[in-house]
Amino acid sequence: IFGTGTKPHEVREFESMLRYEDSQMFGECGFEKGGQIIITRAPARLDVMGGIADYCGANVFELTLERATVVGCQARSDRSLRALSFEIEREGNLPGLQISIDDFYTNGELKSYNQIQPLFRQNPKTAWVGYVLGAFFAILKEKCIDHLPYGATIVIKSNIPMGAGISSSASIEVATLTAINHLYGLNLSAQEVARMGQIVENRIVGAPCGIMDQLTAAAGQKGRILSILCQPDHILETVPLPPHAKLIGIHSKVKRSTSSSAYIDARTAAFMGLTILRKELSLDELRDNYLCKLSVEDFRKRCWKILPAQMKGEHFLSQYGETVDTVTQVNPQKIYRVRSRVEHPVYEHARVQQFIEHLKKAN
């Protein structure tokens with residue numbers, strides 16, 4: 001799908017590997033010699049500002065990076081779905097997994113998301129395949145296609161470090177879904193691909209991320225920073241960097257994951273705060289469940305005193321019941337820092353908007 005124009009170097013390297021006649025690598029991967037192979041690419045992203053607040057409806061500011069995931073996809077003559085990765089073994093994982101389309105069904109009925117999760121979690125060393133083959137299940141479940149007419153082989157090559165906080169998982173999801181989009185002729189837009197990627201991560205992998213990573217990988221532009229209002233996925237504009245300005249991301253080597261307990265607890269506490277505010281105050285701003293519709297001034301004047309600094313899960317559940325968040329659950333035994341987890345996204349949303357205006361004036 002890259003045509004004959006200038007191609008990213010990762011794609012050229014991937015094509016060279018495919019054409020290397022003496023290499024048996026791709027035959028072993030399940031690619032049939034002479035068969036058409038769809039090649040797609042999705043970049044990593046640098047969260048310039050706002051990223052932690054995307055699930056609260058914040059304005060986020062995201063830049064695509066040179067590092068990327070490249071995917072090769074080929075239709076199969078059987079009903080098998082196979083995923084393989086060149087780099088995943090470095091992380092202590094197994095390089096691939098093969099399943100059948102029939103594994104998605106029980107007695108002819110498509111399984112639920114909860115029922116399909118164990119298929120990708122049987123072995124922790126192949127759990128990464130959920131990001132890839134889970135996309136095939138998601139397009140069925142979300143009715144993007146009635147049935148899968150044939151299987152596929154997906155081969156992945158990525159130079160994005162896992163756990164570095166630059167969206168290695170979203171890059172894999174978007175590259176895979178873009179390939180699937182072309183393979184089955186789904187005609188999904190970039191935003192629809194991003195939404196499907198978020199569903200894969202939320203409902204199959206079990207990581208409660210927002211949509212900014214997938215949307216940046218699917219719709220970002222080289223050299224321009226993407227301004228997204230996550231209510232839920234509105235692209236506002238792209239902003240160039242001022243002349244002679246550069247952004248540098250430094251890899252701290254500290255592993256980051258949206259499936260970590262720290263991330264999940266922060267998100268859970270934010271939605272606990274939202275639930276408290278909706279019950280204690282009749283705020284029109286919160287009827288769509290976006291905390292970032294609150295202004296900093298309203299938060300300080302009306303909300304700060306109402307929110308507890310911390311609250312045990314069981315006390316929250318007895319007073320307010322479950323939150324509106326569909327991808328997290330309040331743990332009765334945990335103590336959540338509610339006020340600060342609401343305060344940060346409200347302030348961060350305002351900071352991002354100020355930063356964008358200053359950056360635009362500097363151009």
Side-chain angles (χ1 to χ4, degrees), residues 26 28-32 37-42 69-89 91 93-106 109-158 160 162 168-184 186 188 192-207 209 214 217-218 259:
F26 286 91
E28 293 170 0
C29 289
F31 280 159
E32 296 178 14
I37 298 173
I38 298 166
I39 300 176
T40 58
R41 175 188 183 275
T69 297
V70 177
V71 158
C73 174
Q74 186 185 55
R76 297 177 64 99
S77 58
D78 57 20
R79 292 178 61 78
S80 295
L81 298 171
R82 191 177 187 191
L84 298 106
S85 171
F86 291 118
E87 288 82 16
I88 205 74
E89 286 180 287
E91 302 292 329
N93 297 298
L94 294 176
L97 182 70
Q98 182 167 315
I99 62 174
S100 170
I101 295 170
D102 298 326
D103 294 331
F104 294 161
Y105 297 86
T106 300
E109 293 290 326
L110 190 64
K111 293 178 179 177
S112 68
Y113 283 113
N114 287 339
Q115 290 172 326
I116 205 65
Q117 287 175 355
L119 178 65
F120 301 111
R121 298 181 183 180
Q122 294 175 8
N123 184 344
K125 293 186 176 182
T126 57
W128 67 269
V129 174
Y131 294 105
V132 182
L133 301 187
F136 289 89
F137 178 82
I139 65 169
L140 286 167
K141 197 66 181 175
E142 299 303 315
K143 304 187 186 306
C144 300
I145 192 171
D146 292 331
H147 69 284
L148 299 180
Y150 42 79
T153 293
I154 298 278
V155 174
I156 299 162
K157 193 173 189 303
S158 175
I160 307 172
M162 295 177 66
S168 58
S169 60
S171 177
I172 290 172
E173 291 155 1
V174 169
T176 298
L177 279 158
T178 303
I180 292 172
N181 193 20
H182 286 268
L183 180 68
Y184 296 124
L186 304 181
L188 299 176
E192 289 169 329
V193 165
R195 290 179 197 132
M196 292 302 302
Q198 184 190 21
I199 288 171
V200 170
E201 191 138 359
N202 288 173
R203 306 299 302 277
I204 295 175
V205 178
C209 68
Q214 290 82 4
S259 60

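All residue numbers in this chain count up from 1 along the given sequence. All values below were derived from every heavy atom in this structure, side-chain atoms included, with hydrogens, water molecules and symmetry-related copies excluded.
Between Tyr113 and Phe137, the ring planes are perpendicular. Angles over 60° get that label, and only those under 30° would be called parallel. Using the six-membered ring where Trp is involved, Phe104 and Phe120 have ring planes that are tilted, between 30° and 60° apart.
Residues Ser171 and Ile160 share a closest heavy-atom pair of OG-CD1, 3.4 Å. Shortest non-hydrogen contact noted between Leu183 and Tyr150 is O-OH, 3.1 Å. Residues Ala175 and Ala42 come closest through the heavy atom pair N-CB, 3.7 Å. The two residues Leu177 and Ala135 come nearest to each other via the heavy atoms CD2-CB, 3.7 Å. Scanning both residues, Ser158 and Thr69, for their nearest heavy atoms gives OG-OG1, 3.2 Å. When all heavy atoms of Ser112 and Lys141 are compared, the pair lying nearest together is CA-NZ, 3.8 Å.
Looking at Val205 and Ser169, their side chains never come closer than 4.5 Å, going by heavy atoms from C-beta outward. Here the side chains of Gln214 and Glu201 are in contact, with some heavy-atom distance below 4.5 Å. Between Thr178 and Val174 there is a side-chain heavy-atom pair separated by less than 4.5 Å. Residues Trp128 and Ile172 are not in side-chain contact: their nearest non-hydrogen atoms beyond the backbone lie 4.5 Å or more apart. Side-chain contact between Leu97 and Val132: absent, with no pair of heavy atoms (C-beta onward) separated by less than 4.5 Å.
Residue-environment remark: CG (Asp146) stays at or below the threshold of 12 foreign heavy atoms within 6.0 Å. The environment of CZ in Arg195 is crowded: more than 12 heavy-atom neighbours from other residues, nucleotides or ligands sit within 6.0 Å.
The main-chain N or O of Asp103 is found under 3.5 Å from a side-chain atom of Lys111 such that the two form a donor-acceptor pair. The backbone N or O of Ala207 sits less than 3.5 Å from a side-chain atom of Asn202, completing a donor-acceptor pair. A donor-acceptor contact shorter than 3.5 Å links the side chain of Gln198 to the backbone of Cys209.
We find the CD-CD distance between Glu142 and Glu192 to be 11.5 Å, quoted to the nearest 0.5 Å. The CD1 atom of Ile180 sits 8.5 Å away from atom CG of Leu148, with the distance rounded to the nearest 0.5 Å. Interatomic distance, NE2 of His182 versus SG of Cys73, reported as 10.5 Å (0.5 Å rounding).
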Can you check side chain to side chain contact (heavy atoms under 4.5 Å, CB included) on Ile145 and Leu140, steps first, answer last?
-> CA-CA 6 Å; Ile145 192 171; Leu140 286 167; 3.9 Å; yes
Full working for side chain to side chain contact (heavy atoms under 4.5 Å, CB included) between Ile101 and Phe136 | CA-CA 9 Å; Ile101 295 170; Phe136 289 89; over 6 Å; no
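Each of Ile99, Thr126, Thr176 was evaluated against Leu133; a single residue qualifies, Ile99, per the side chain to side chain contact (heavy atoms under 4.5 Å, CB included) test.
Side-chain N/O atoms of Thr153 and Arg76 include a donor and acceptor closer than 3.5 Å. Thr106 and Gln115 are not linked by any side-chain donor-acceptor pair at a separation below 3.5 angstrom, with hydrogens and angles left out of the test.
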